[in-house]
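Structure incoming, see below.
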Amino acid sequence: MERNQMHRQVSVMRQSLFDQGYLDEQFIQLEELQDDANPNFVEEVVTLYYRDSSRLILSIDQALERNPLDFNKLDTYMHQFKGSSTSIGAKKVKAECTQFREYCKVGNGEGCMRTFQQAKKEYTILKRKLEAYFQQARQSGPSETACRPRN
Amino acid sequence: MLKSKNGMKDGLLNSVKAGPPALLELSSKITALVVDDNTLNQTIHHRLLDNLGIQNQVVGNGKEAVDVHCSGKNFDLILMDMDMPVMNGIEATRKLRTMGIRSLIAGVSARSTEKEKQEFIEAGLDDYQEKPLTTTKLASILHKVKKDG
């Protein structure tokens, strides 16, 4: 496939991640830290996010199985998960984390469980989309300028 | 997909236009310490500083920050997270100030209540920024390093 066409495809994939609300401005901040000396910085950071947060997710899952629920502990775990999600611009995941913490504040265990299932779903969807995006980007090779999302 | 580094630096220059013209030149002479237990934040903050030519070191909690100063090292700027195991950012900031450390300490935290922020500031911060740290936020911190230096 012609190189320019591949770059356009990558650009469209990237734009859709913003348009569909999966990513926010923070992802662009990470892209701006990528250069010739650090050509895979964004992918490295995203990989690190999925590696570190998988442990947090397991901890939250285990904590949600306890009876009674320890909302302080749950909130602490979710604070960390939200922080990491915010750092890579994972907009939908972050939103679910925020909702979860609201449920923690009022001691709504059912709300926590429901929201956490949704957070994991968004987390998994984003992972699939980003993996596909990075794979496509690698195949198309580097381009000169980032395409900022249309606002 | 890749934005040119010059583009990024021009953006940063524009954002610090109001300050001293030698800010970017200064940034290459500044040393910094990143204090954060989260490896993701460590990576991002290290890269943010690196990108501005700021030589920096990373430690994983407040005690390590104190220990590195006890070993004789000093930094112009310390980016201090709040929630950390062993010794949190509030305790570490208080301890460093008690030790006579006059570096610019910028609290960088995801905590958002005024009470938590105030407690952190009162521990001895010179600046406070909410996570995630960005180039623009870092530029505003660097302005303070120049002003107070």
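We use all heavy atoms of the structure for the numbers below, so side chains are in, but hydrogens, waters and symmetry mates are not. Order of the sequence lines fixes the chain letters, A, B, ..., with proteins taken first and strands second; residue numbering starts at 1 for each chain.
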Count I, L, V, M, F, W, Y as connected when their side-chain heavy atoms are under 4.5 Å apart, and connections chain through other members. Are A:V93 and A:I125 then in the same cluster?
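Yes, it is one cluster - the side chains of A:V93 and A:I125 are joined through contacts under 4.5 Å.
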Given the rule in the side chain to side chain contact (heavy atoms under 4.5 Å, CB included) test, do B:N38 and A:Q80 qualify, once you have shown the distances and angles that lead to the verdict?
CA-CA 8 Å; B:N38 182 297; A:Q80 292 173 48; 5.6 Å; no
Given side chains that start at C-beta, do those of A:D35 and B:N51 come closer than 4.5 Å, heavy atoms only?
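Heavy-atom side-chain distance check passes, below 4.5 Å.
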Assess whether side chain to side chain contact (heavy atoms under 4.5 Å, CB included) is satisfied between B:D83 and A:H79, documenting all intermediate values.
CA-CA 10 Å; B:D83 293 314; A:H79 168 73; 3.3 Å; yes
Report the distance from atom CG of B:D50 to atom CG of A:L33, rounding to the nearest 0.5 Å.
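One finds 10.0 Å between CG of B:D50 and CG of A:L33.
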What is the minimum heavy-atom distance between B:T39 and A:L48, and which atoms define it?
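The pair with the smallest heavy-atom distance is O-CD2, 3.7 Å.
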Going hydrophobic residue to hydrophobic residue with side-chain gaps under 4.5 angstrom, can you get from B:M99 over to B:V35?
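In one cluster with B:M99: B:V35, yes.
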Of the non-hydrogen atoms in B:L40 and A:V45, which two are nearest, and what is the gap between them?
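Of all heavy-atom pairs spanning B:L40 and A:V45, the closest is CD1-O, 3.4 Å.
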Evaluate the side chain to side chain contact (heavy atoms under 4.5 Å, CB included) criterion for residues A:T86 and B:K131: first the C-alpha distance (whole Å), next the side-chain angles of each, then the deciding distance (0.1 Å), finally the verdict.
CA-CA 8 Å; A:T86 304; B:K131 278 182 188 171; over 6 Å; no
About how many Å separate CD of A:E32 and CZ of B:R47, when rounded to the nearest 0.5 Å?
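The distance works out to 12.0 Å.
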Once you round to the nearest 0.5 Å, how far does CG of B:L133 lie from OG of A:S87?
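Spacing of CG (B:L133) from OG (A:S87) equals 9.5 Å.
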State yes or no: do A:M78 and A:Y103 share one hydrophobic cluster built from I, L, V, M, F, W and Y residues joined by side-chain heavy-atom distances below 4.5 Å, directly or via other members?
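Different clusters.
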If you count every heavy atom of other residues, nucleotides or ligands that lies below 6.0 Å from B:K95 atom NZ, does the total exceed 12?
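No, NZ of B:K95 has 12 or fewer neighbouring heavy atoms, counting only those of other groups under 6.0 Å.
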Do the side chains of A:V42 and A:V10 join up, straight or via other hydrophobic residues, at under 4.5 Å, putting them in one cluster?
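Yes; A:V10 is reachable from A:V42 via cluster members.
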Do the side chains of A:Q26 and B:T134 get nearer than 4.5 Å, heavy atoms only?
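Yes - at least one pair of side-chain heavy atoms lies under 4.5 Å apart.
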